[in-house]
Amino acid sequence: WWSTNPFNANTVRANGSCFFVEIGDTRFGVTAYHVVSEFLTCREAYPSTRLVVRNVDITDWDARFIDGNAEHDVATFRVSDDEFKAIQVRALRSELDAWPPPPPMAGRGVFFTGYPEEDRRVLHPKAVEFLQASNGLVAANVGPDEIEVVIDPAHLNNIDGHPPPPTTKNLSGNSGAPLLVVSAVCPGPVFWLGGIV
């Protein structure tokens with residue numbers, strides 16, 4: 001998330017999602033390229049803009065940016081060991097000889113979990129809450145550079161008396177979240193990275 005004053009929750013301008021990957025001994029952050037572009041546009045308009053991952057202030061974005069691609073909408077960045085510990089998340093791990101993981105299969109389950117902007121709440125001037133939301137989907141079409149996912153209302157069920165979420169929810173803020181492939185093989189990993197939202 002980014003803010004013109006990270007100590008005033010009322011100045012949060014926008015948020016996206018990101019995740020971390022470890023391949024062998026290398027760890028890096030991943031998000032959508034357009035999320036980075038929106039942050040940079042805001043920083044250009046408001047030079048006081050600060051980027052924060054969870055509660056970790058990222059003061060030197062330009063030095064930690066690794067690479068990005070607007071066409072494929074992916075950006076990568078460095079994070080120190082201390083920052084990674086402070087962010088308190090688990091990385092998606094892969095051995096070097098198993099990278100890249102296999103892509104999703106059309107007609108099979110995938111899911112993503114991110115931080116939709118419409119669920120962001122300012123609790124008071126010093127606290128903002130980001131609600132993490134998960135979405136189970138089906139990979140309808142899988143191409144070399146794009147994965148189309150669908151929500152079929154026929155597959156949505158009430159859980160413990162709670163109605164399914166609306167399928168028209170604004171997904172802004174989920175950009176940059178990992179798209180995870182649900183494994184059908186046991187034993188083995190439960191899921192693996194299949195793409196980026």
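All values below come from the heavy atoms of this structure, side chains included, with hydrogens, waters and symmetry mates left out.
- Using a 4.5 Å cut-off between side-chain heavy atoms of Ile, Leu, Val, Met, Phe, Trp and Tyr, with links allowed through other members, Ile66 and Val21 fall into the same hydrophobic cluster.
- Residues satisfying the side-chain hydrogen bond (donor to acceptor under 3.5 Å, both in side chains) criterion with Ser48, sequence neighbours excluded, are absent altogether.
- Not a single donor-acceptor pair under 3.5 Å links the side chain of Glu146 to the backbone N or O of Gly143.
- Contact of the Asn174 side chain with the Tyr115 side chain is not registered, since no non-hydrogen atoms from C-beta on lie closer than 4.5 Å.
- For the pair Asp145 and His72, the minimum side-chain heavy-atom distance is below 4.5 Å.
- With hydrophobic clusters built from ILVMFWY side chains whose heavy atoms lie under 4.5 angstrom apart, Phe39 shares a cluster with Val56.
- Leu40 and Val53 fall within the same hydrophobic cluster, where Ile, Leu, Val, Met, Phe, Trp and Tyr residues are linked whenever their side-chain heavy atoms come under 4.5 Å apart, directly or through other members.
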Pairs of donor and acceptor atoms involving the side chains of residues 22-36, under 3.5 Å and at least two apart or interchain, shall be tabulated with distances.
| unit_1 | atom_1 | unit_2 | atom_2 | d |
| --- | --- | --- | --- | --- |
| Glu22 | OE2 | Arg27 | NE | 3.0 |
| Glu22 | OE2 | Arg27 | NH2 | 3.4 |
| Arg27 | NH1 | Asp81 | OD1 | 2.9 |
| Thr31 | OG1 | Ser17 | O | 2.7 |
| His34 | ND1 | Asp73 | OD1 | 3.1 |
| His34 | ND1 | Asp73 | OD2 | 2.8 |
| His34 | NE2 | Ser175 | OG | 3.0 |

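- Within the 3.5 Å criterion, the main-chain N or O of Leu123 finds no donor-acceptor partner in the side chain of Glu129.
- Closest heavy-atom contact between Ala133 and Asn135: O-ND2, 3.7 Å.
- Note that CG of Leu51 and CZ of Arg64 are 8.5 Å apart. Values are rounded to the nearest 0.5 Å.
- When the shell of 6.0 Å around CG of Asp62 is examined, it contains more than 12 heavy atoms from other residues, nucleotides or ligands.
- Side-chain contact check for Val138 versus Val149: every heavy-atom pair is 4.5 Å or farther apart.
- Side-chain contact between Ile147 and Leu179: present, with at least one pair of heavy atoms (C-beta onward) separated by less than 4.5 Å.
- The existence of a salt bridge linking Arg78 and Asp60 is excluded, since no basic side-chain nitrogen approaches an acidic carboxylate oxygen closer than 4.0 Å.
- Under the 4.5 Å side-chain heavy-atom criterion for grouping Ile, Leu, Val, Met, Phe, Trp and Tyr, Val197 is connected to Val110 within one hydrophobic cluster.
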- Walk me through it: do Leu92 and Phe20 pass the test side chain to side chain contact (heavy atoms under 4.5 Å, CB included)? CA-CA 6 Å; Leu92 296 169; Phe20 297 89; over 6 Å; no
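- Within the 4.5 Å cutoff, no side-chain heavy atoms of Leu131 are placed close to those of Pro116.
- The shortest distance between side-chain heavy atoms of Arg54 and Val89 falls below 4.5 Å.
- Although no hydrogens or angles enter the test, the distance criterion places a donor-acceptor pair under 3.5 Å between the side chain of Trp192 and the main chain of Pro102.
- Taken together through direct or relayed side-chain contacts under 4.5 Å among Ile, Leu, Val, Met, Phe, Trp and Tyr, Ile58 and Val12 form parts of separate hydrophobic clusters.
- Listed for the Trp1 side chain is no donor-acceptor partner under 3.5 Å among the backbone atoms of Gly16.
- Looking at heavy atoms from C-beta onward, Ser3 lies out of side-chain contact with Arg50 at the 4.5 angstrom threshold.
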- Message: Determine whether Asn15 and Phe130 satisfy the following criterion, side chain to side chain contact (heavy atoms under 4.5 Å, CB included), listing intermediate values before the conclusion.
- Response: CA-CA 9 Å; Asn15 70 269; Phe130 297 90; 3.8 Å; yes
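- Among pairs with a residue in residues 84-107, none fulfils side chain to side chain donor-acceptor pair (under 3.5 Å), at least two apart in sequence or across chains.
- The shortest distance between side-chain heavy atoms of Arg13 and Thr4 falls below 4.5 Å.
- The number of heavy-atom neighbours closer than 6.0 Å to OH of Tyr46, taken from other residues, nucleotides and ligands shown, is 12 or below.
- With 3.5 Å as the limit, one finds no donor-acceptor pair spanning the side chains of Thr41 and Glu38.
- Using a 30° and 60° split on the angle between ring planes, Trp61 and Phe77 fall in the tilted class, from 30° to 60°.
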